[in-house]
Amino acid sequence: MINALLALPKLHRFLIVTVLAVLLLVVLIPSQKSSLPESQLPELEIGKRYSLDINYQNLASSQPQEPTEELDTQIFTVSKGDNLALIFKRAGLSPQETYRVSRAGDLAKKLLKMKPGESLELTIDKAGKLAQLDYAFSVTDTLRIVKTPDNTFSSAIHSKPVDTRINYAQGQINNSFWNAGVEAKLTDNQIMSLAGVFGWDVDFALGIRKGDSFYVMFEERFIDGEFIENGDIVAAQFVNRGETYTAIRYSDGNFYTPEGRSMRKSFLRAPVNFKYISSSFKPKRFHPVQKRWKAHRGVDYAASRGTPVMAAGDGKVIKSAYNKFNGHYVFIQHGEKYVTKYLHFTKRKVKTGQSVKQGQIIGTVGATGLASGPHLHYEFLVDGVHRNPRTVKLPKAQPIAKKERDKFQLLATQRLAQLDNNKRIMLAMR
C-alpha cells in the first residue's frame with residue numbers, strides 16, 4: 001500500500017496525507033468536554049439502544065419568537081340614522097377613539113357619508129382598543145384606518161384591480177324602443193343611456209318606427225374574474241327611418257360622430273323622461289281648465305308625479321317662483337338669444353340667480369297651477385319668440401378639439417371596425 005502511495009504523483013500524495021491527518025484529529029480529539037467526571041461516564045455497549053432526556057420546553061424558550069397579539073374582528077352593518085360614534089359605542093369603543101379616527105386625515109371624511117346597508121369591519125386588540133377599521137365604500141375601493149405606534153391613526157385607500165372588457169348588443173324595434181332594449185338584454189340604465197346618446201337627433205317619443213335598429217358596445221367590469229357592474233357605452237349606432245346615426249365616446253366623456261362633430265346639442269330636445277305628449281305646440285287649443293280657446297305656446301309632456309325635470313341647456317335661472325297659473329315654475333336664460341320655461345312643478349330644485357348645467361335637475365313633475373293632471377309644460381323662446389321645442393333647429397355644441405382630432409380619429413376607426421365585426425358575427429349566428 002505504501003509502494004502504491006509512493007507511486008502516485010507528489011501532489012496527490014500530499015492531498016491524501018492531509019485528509020488522513022484531519023480525520024485522525026477528528027477521531028482522537030472530542031468536540032466538547034463532558035460535564036461528568038470520567039469515572040461516572042457510562043459504558044456504551046455496541047448494539048444496545050439508549051434514550052436521551054431532552055428538555056424541549058427549555059429548547060423552545062431558547063429560540064427567538066415574535067410576540068403575538070390577540071385580535072378580534074367584528075363587522076357592523078350601518079343602520080338608518082347611524083354614524084361613527086353610534087357604531088363605535090355598539091363596539092364598546094370610547095368617544096376618544098371615535099375622535100382620533102375621525103381625525104385620521106381627509107380620507108376619514110368618507111365615514112361621514114356611510115349609507116344604510118354598508119358595513120364597517122373593526123379589528124379590536126386584547127385591550128379592547130381599535131387596531132384597524134375597514135370601510136368598503138365601493139365594489140373596488142376600501143378605506144383602511146390603522147393605529148400607528150404613537151397611538152394615532154393613519155388612513156389610506158386600498159383598491160382592487162379592475163378588469164374592463166367590451167361587450168356588444170343589438171336589437172330591432174317591433175313595438176317600442178324600451179321593449180327592444182330589454183330583449184337585447186340591456187339594463188334599464190343602459191337603455192336610458194342609449195336614448196340619451198341619440199336624444200338630440202332621434203325623437204324617442206314619436207319618431208321611432210317599426211324596423212328601426214340599434215347596435216351598442218359597452219364596458220363590463222370584473223374583479224378576480226367575477227362580474228361587478230356595467231361601465232360606459234363606448235360606441236353605438238341607431239338606425240331611425242333609414243338614417244344611421246353613429247356615436248363614439250371619447251376620453252372627455254362626450255360622444256362625437258366619426259367625423260368629430262359633437263352628438264350633443266346646446267339644448268336637450270325634451271328635458272324630461274315622459275310617457276307621451278299630452279298637448280303639442282299649437283296656435284289655438286281649447287284649454288282643459290279655463291274652458292276656452294287660446295294659443296298653446298309650448299309642449300306638454302305627461303309624466304308621473306315626481307319625475308325629475310332637467311335643464312335643457314347651460315344657463316342662469318332668471319325666475320324660480322309660484323303663481324296660480326303656472327304653479328311652481330322655473331325660467332332659464334341661455335346666453336342672449338334663448339330662454340326655456342318649465343311649468344307646473346311639484347317642487348323646484350333651483351333658485352333665482354343660480355347657474356345651471358345641461359341635464360341638472362331643476363324640479364319635479366307635478367300638477368300645480370292651472371293643470372288637469374301631472375305633466376311638464378315646456379316652452380322654448382328664440383329672441384323672445386315662442387318656437388316649437390320639438391321642431392326648432394337646435395344649435396350644435398363644440399366639435400372635438402383640434403389638438404385631439406388625430407387621436408380621436410384613430411379611436412373612431414378602431415370602434416367602427418369593432419362595431420362592423422360584431423355585426424357580422426351576430427349575423428352569422430342567426
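When reading the values below, keep in mind they use all heavy atoms of this one structure, side chains included, and skip hydrogens, waters and symmetry mates.
In this structure a side-chain-to-backbone donor-acceptor pair under 3.5 Å is missing from Ser155 to Ile145. Gln409 contributes no side-chain N or O that, together with a main-chain N or O of Asp406, makes up a donor-acceptor pair within less than 3.5 Å. The backbone N or O of His328 sits less than 3.5 Å from a side-chain atom of Thr368, completing a donor-acceptor pair. Proximity of a side-chain donor or acceptor of Asp252 to a complementary backbone N or O of Asn254 within less than 3.5 Å is detected. For Asp125 (side chain) and Lys129 (main-chain N/O), a donor-acceptor pair under 3.5 Å exists by modelled atom type. Formation of a donor-acceptor pair under 3.5 Å by the Ser355 side chain with backbone atoms of Lys316 is not found in this model. Side-chain atoms of Asn388 come within 3.5 Å of backbone N or O of Arg390 as a donor-acceptor pair. With hydrogens and angles ignored, the 3.5 Å screen pairs a side-chain donor or acceptor of Gln358 with a backbone N or O of Ala312. Between the side chain of Glu404 and the backbone N or O of Ala401, no donor-acceptor pair lies under 3.5 Å.
Using a 30° and 60° split on the angle between ring planes, His334 and Phe267 fall in the perpendicular class, above 60°.
Closest approach of Ala184 and Gln170 over heavy atoms only: CB-O, 3.4 Å. Here the closest heavy-atom approach between residue Ile124 and residue Ala91 is recorded as CD1-O, 4.0 Å. Smallest separation of non-hydrogen atoms from Ile361 and Lys349: O-CB, 3.7 Å. Summarising the geometry of Ala169 relative to Leu186, their closest heavy-atom pair is CB-CD2, 3.8 Å, with the distance given to 0.1 Å. When every heavy atom of Glu379 is checked against every heavy atom of Arg297, the shortest pair comes out as CG-O, 3.6 Å. When all heavy atoms of Val139 and Lys160 are compared, the closest pair comes out as O-CD, 4.2 Å.
At a cut-off of 3.5 Å, with distance as the only test, a side-chain donor of Asp150 or Thr148 sits close to an acceptor on the other residue. For the residue pair Ser213 and Gln172, no side-chain donor N or O sits within less than 3.5 Å of a side-chain acceptor on the partner. For the residue pair Gln74 / Asp72, a side-chain donor-acceptor distance below 3.5 Å is found, with atom types taken as modelled.
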Would Tyr168 and Met426 count as a side-chain contact (heavy atoms from CB on, under 4.5 Å) here? Give the steps. CA-CA 10 Å; Tyr168 174 85; Met426 295 298 288; 3.4 Å; yes
Assess whether side-chain hydrogen bond (donor to acceptor under 3.5 Å, both in side chains) is satisfied between Gln132 and Asp134, documenting all intermediate values. CA-CA 7 Å; Gln132 180 174 302; Asp134 286 302; 2.9 Å; yes
Using the rule given for side-chain contact (heavy atoms from CB on, under 4.5 Å), can you reason through Val239 versus Asp212, listing the C-alpha separation, both sets of side-chain angles and the distance that settles it, and then say yes or no? CA-CA 5 Å; Val239 181; Asp212 288 353; 5.6 Å; no
Evaluate the criterion side-chain contact (heavy atoms from CB on, under 4.5 Å) for residue pair Arg90 and Phe76; output intermediate values, then yes/no. CA-CA 9 Å; Arg90 292 206 298 272; Phe76 293 85; 4.2 Å; yes
side-chain hydrogen bond (donor to acceptor under 3.5 Å, both in side chains) between Gln398 and Arg264, worked out: CA-CA 9 Å; Gln398 292 298 314; Arg264 177 181 180 267; over 6 Å; no
Working for side-chain contact (heavy atoms from CB on, under 4.5 Å), residues Val182 and Ile191: CA-CA 8 Å; Val182 172; Ile191 296 172; 4.0 Å; yes
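Atom-to-atom distance recorded for Asn189:CG and Ile233:CD1 is 10.0 Å, nearest 0.5 angstrom. The distance from the CG atom of Leu112 to the CE atom of Met114 is 8.0 Å, given to the nearest 0.5 Å. With rounding to the nearest 0.5 angstrom, the CG atom of Leu130 is 5.0 Å from the CZ atom of Phe88. Separating the CD atom in Glu183 from the OG atom in Ser176 is a distance of 8.0 Å, to the nearest 0.5 Å. Atoms OG1 and CE, from Thr187 and Met192 in turn, are 11.0 Å apart once rounded to the nearest 0.5 Å. Interatomic distance, NE2 of His158 versus OG1 of Thr142, reported as 8.5 Å (0.5 Å rounding).
Taking the six-membered ring for Trp and the full ring otherwise, His375 and His344 have centroids separated by under 6.0 Å. Close placement of the Tyr342 and Tyr378 rings is indicated, their centers lying within 6.0 Å of each other. Between Phe214 and Phe177, the distance separating the two ring centers is shorter than 6.0 angstrom. In this structure, Tyr329 has its ring center at least 6.0 angstrom away from the ring center of Phe345. Between Tyr250 and Phe255, the distance from one ring center to the other does not fall under 6.0 angstrom.
With a 4.5 Å cut-off on side-chain heavy atoms, Ile173 and Ile208 count as touching. Using a 4.5 Å cut-off on side-chain heavy atoms (C-beta onward), Ser304 and Val365 make no contact. Between Asp188 and Trp178, some side-chain heavy-atom pair lies under the 4.5 Å cut-off. At least one side-chain heavy atom of Tyr245 sits less than 4.5 Å from a side-chain heavy atom of Asn240.
For Arg165, the CZ atom counts as densely surrounded, since its 6.0 Å shell holds more than 12 non-hydrogen atoms of other residues, nucleotides or ligands. Within a 6.0 Å radius of CZ in Phe222, other residues, nucleotides and ligands contribute more than 12 heavy atoms. The number of heavy atoms from other shown groups lying within 6.0 Å of CG (Asp106) does not exceed 12. Taking a 6.0 Å sphere around NZ of Lys423, one finds it holds more than 12 heavy atoms contributed by other residues, nucleotides or ligands. Crowding of Asn151 atom CG: a count of heavy atoms from other residues, nucleotides or ligands under 6.0 Å exceeding 12.
The pair Lys89-Asp82 does not count as a salt bridge, with every side-chain nitrogen at least 4.0 angstrom from each carboxylate oxygen. In summary, Arg241 and Glu243 do not engage in a salt bridge, as defined by a charged side-chain N under 4.0 Å from a carboxylate O. Between Arg221 and Glu219 there is a salt bridge, since at least one side-chain N of the basic residue sits less than 4.0 Å from a carboxylate O of the acidic one.
Remark: Lys110 is positioned above the aromatic ring of Phe137, its terminal NZ or CZ atom under 6.0 angstrom from the ring centre and at most 45 degrees off the axis.
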